[in-house]
Number of protein chains: 2
Amino acid sequence: MAPTAAPTKLQLVQSNSLPALVQVEIEQLILCGELAAGERINESDLAMRFGTSRGPVREALRGLEESRLVRSEKNRGVFVREVSVAEADEIYDVREALDQLIGQRLAERATPQQLCELDAILEEMDRATAVQDVNSYHALNLRFHDMLVDFAGNARLTESYRLLTKGLLLFRLRGLQDGGGFPVSNTEHKAVMAAIAARDGARAGRLLRQHAAASRARMHKAAASRTRK
Amino acid sequence: MAPTAAPTKLQLVQSNSLPALVQVEIEQLILCGELAAGERINESDLAMRFGTSRGPVREALRGLEESRLVRSEKNRGVFVREVSVAEADEIYDVREALDQLIGQRLAERATPQQLCELDAILEEMDRATAVQDVNSYHALNLRFHDMLVDFAGNARLTESYRLLTKGLLLFRLRGLQDGGGFPVSNTEHKAVMAAIAARDGARAGRLLRQHAAASRARMHKAAASRTRK
DNA sequence: AAACTATTTATTGTCGACAATCAGCAATTG
DNA sequence: CAATTGCTGATTGTCGACAATAAATAGTTT
């Protein structure tokens, strides 16, 4: 009998190759800000840190370059990408289109079980809002949108979306955290959820797109107030 | 004085690293079908072919894995990806959303010069249709859509779109070339162009999305008739 | 003293070699 | 005779070493 639904830890470790492991590790380093945007990455240092040789590290960096988290200059090294406001704007343009699709598909396909999970997150976000816990809210917000795209049931859509939002995450790290308008954000989430629960695909799509647009506007506002200072 | 707009061939060769060169080379091999879908890729063979060692080849393959053109199994090698009809369907779902955005932005931003270039391609496609030259039409069609997304003026959008369509290309290689309905396809192109020339973003977006949907439908039809045989 | 040049040093790019692992075949055993 | 077990050849995974390049430093000249 074949082991059907048993994701053993052993199997995961054995299936994932070392460069792949190193890649997610470096990705974490970048996303958590330990490797700052614009910074140059030293291959030898990373290799030492992970206890490998430079080969796997180079392979991992090549993968990260393809996912646009780093850029590489010949004979000079690879650098953590920095995304400008203009680039973030471009990303948002695409994201809005994808978010609309996500809302649409969610309304068609999301199971009641999944809707419950989403509602649970929303409640947690309300609690975080009440205590003004920005960090928790930010993390929950990320998880919420990740679940949304997952539950939309289109693997390629998930891929594209994740790639895009990683770039956005890199931008947010530069300081401006969503313009601070996070109580508003959650009311928008609830409106989207209502449309999904009502199985109104068109409305859900429209609302989720508007939510992304609002988020973009908050970013602009924060960026503007920042450059003014 | 700095060389402003002179993309010397020398500079390109020197700026692009060897693994990057190898990567596009392998990509061509895959996209032109010399490396068939599902086939296993031998690192040593490729290294010999390009006159390098296995290191750069491995890095290139890691990049291609990130762009989903190959998949990698630990200790077994990397394989050219094969995309099923279901996956192609997923891709089309996303592509439709992006095409709508492309049409919208094109109507807003395309310069008269660019519109001329596009029209020129359309004429060529008409000529290819008249002579029933499927291959030429296919190539022109690819160029046309590539130019569309380029002229939309959003680098991230271009990236996402290209990534998606590469996957689709991989699927088309498996035999079914767009269901043969290519005279229809070009009339759709012309309708889109008319909307863009009229600077009607909403209509251009809607029409380009419908064009993608029609293309998807043609794929389904071809796939159905194929499995029936 | 400033500017240009030579040298040194650190880091990347590439390679060949060795170890680990897997697919296929042969031999053995019940 | 079927099935399991143990080889064998080939291929991948990883490493350390060397060459090539770029940044930093020191030295020289005007």
Side-chain angles (χ1 to χ4, degrees), chain A residues 1-3 8-26 29-30 34-36 38-66 69-81, chain B residues 1-3 8-26 29-30 34-66 69-82:
Chain A
M1 169 182 155
T8 325
K9 195 170 285 183
L10 180 84
Q11 285 197 342
L12 280 185
V13 173
Q14 283 187 333
S15 71
N16 281 24
S17 66
L18 205 156
L21 268 306
V22 172
Q23 181 168 338
V24 303
E25 212 63 33
I26 299 179
L29 251 43
I30 292 176
E34 184 163 339
L35 291 172
E39 186 179 336
R40 197 178 131 275
I41 294 178
N42 189 313
E43 294 178 2
S44 310
D45 289 356
L46 281 182
M48 280 237 308
R49 177 167 191 160
F50 298 127
T52 73
S53 92
R54 278 172 50 217
V57 173
R58 280 181 67 88
E59 287 186 33
L61 289 177
R62 194 51 67 177
L64 290 175
E65 184 184 11
E66 200 66 24
L69 254 68
V70 302
R71 104 193 110 83
S72 159
E73 293 181 27
K74 184 181 165 87
N75 286 325
R76 285 185 31 91
V78 325
F79 301 78
V80 180
R81 271 226 166 174
Chain B
M1 172 182 156
T8 324
K9 193 171 285 182
L10 179 86
Q11 286 196 345
L12 281 184
V13 172
Q14 284 188 335
S15 70
N16 283 25
S17 65
L18 206 154
L21 267 305
V22 172
Q23 180 168 339
V24 304
E25 212 63 32
I26 300 179
L29 250 43
I30 293 176
E34 185 163 338
L35 291 172
E39 185 179 337
R40 197 176 130 276
I41 294 178
N42 189 313
E43 295 178 1
S44 310
D45 288 356
L46 281 183
M48 278 237 307
R49 176 167 191 160
F50 298 128
T52 74
S53 92
R54 277 174 49 220
V57 172
R58 280 181 68 88
E59 288 185 33
L61 289 176
R62 197 50 69 175
L64 291 175
E65 184 184 11
E66 198 67 23
L69 255 67
V70 303
R71 102 194 111 83
S72 159
E73 293 181 28
K74 185 182 164 88
N75 285 325
R76 286 185 28 90
V78 324
F79 301 77
V80 180
R81 270 225 165 173
E82 28 194 352

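Just so it is clear: chains get the letters A, B, ... in the order the sequence lines come, proteins before strands, and each one is counted from 1.
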Worksheet entry | Where B:Glu34 and B:Glu39 come nearest, the two heavy atoms and their spacing | O-OE1, 4.1 Å

N/O to N/O distances under 3.5 Å, protein versus nucleotides 8-12 of chain C:
residue : atom : partner : partner atom : Å
C:dT11  : OP1  : A:Asn42 : ND2          : 3.4
C:dT11  : O3'  : A:Arg40 : NH2          : 2.7
C:dT12  : OP1  : A:Arg40 : NH2          : 3.0
C:dT12  : OP1  : A:Ile41 : O            : 3.2

Item to complete: Considering non-hydrogen atoms only, spot the tightest contact between B:Glu59 and B:Pro19 and give its length.
Response: OE1-CG, 3.5 Å

Item to complete: Quick one: closest heavy-atom pair of B:Val57 and B:Leu46, and the distance?
Response: CG1-CB, 4.1 Å

Practice prompt. Run the salt-bridge test on A:Glu65 and A:Arg62 with the 4.0 Å N-O cut-off and return the result as yes or no.
Written response: yes

Discussion item. Looking at every heavy atom in both A:Ile26 and A:Ala60, which two are closest together, and how far apart are they?
Written reply: CD1-CB, 4.2 Å

Worksheet, complete the sentence: chain B vs DNA chain D, heavy-atom contacts under 4.0 Å, first-to-last nucleotide span, 5' to 3', is D:dT11 to D:dT14

Practice prompt. Search all heavy atoms of B:Gly63 against all heavy atoms of A:Glu66 and return the closest pair with its distance.
Written response: O-CG, 3.3 Å

Fill in: B:Arg40 side-chain N/O to B:Arg76 backbone N/O, donor-acceptor pair under 3.5 Å
yes

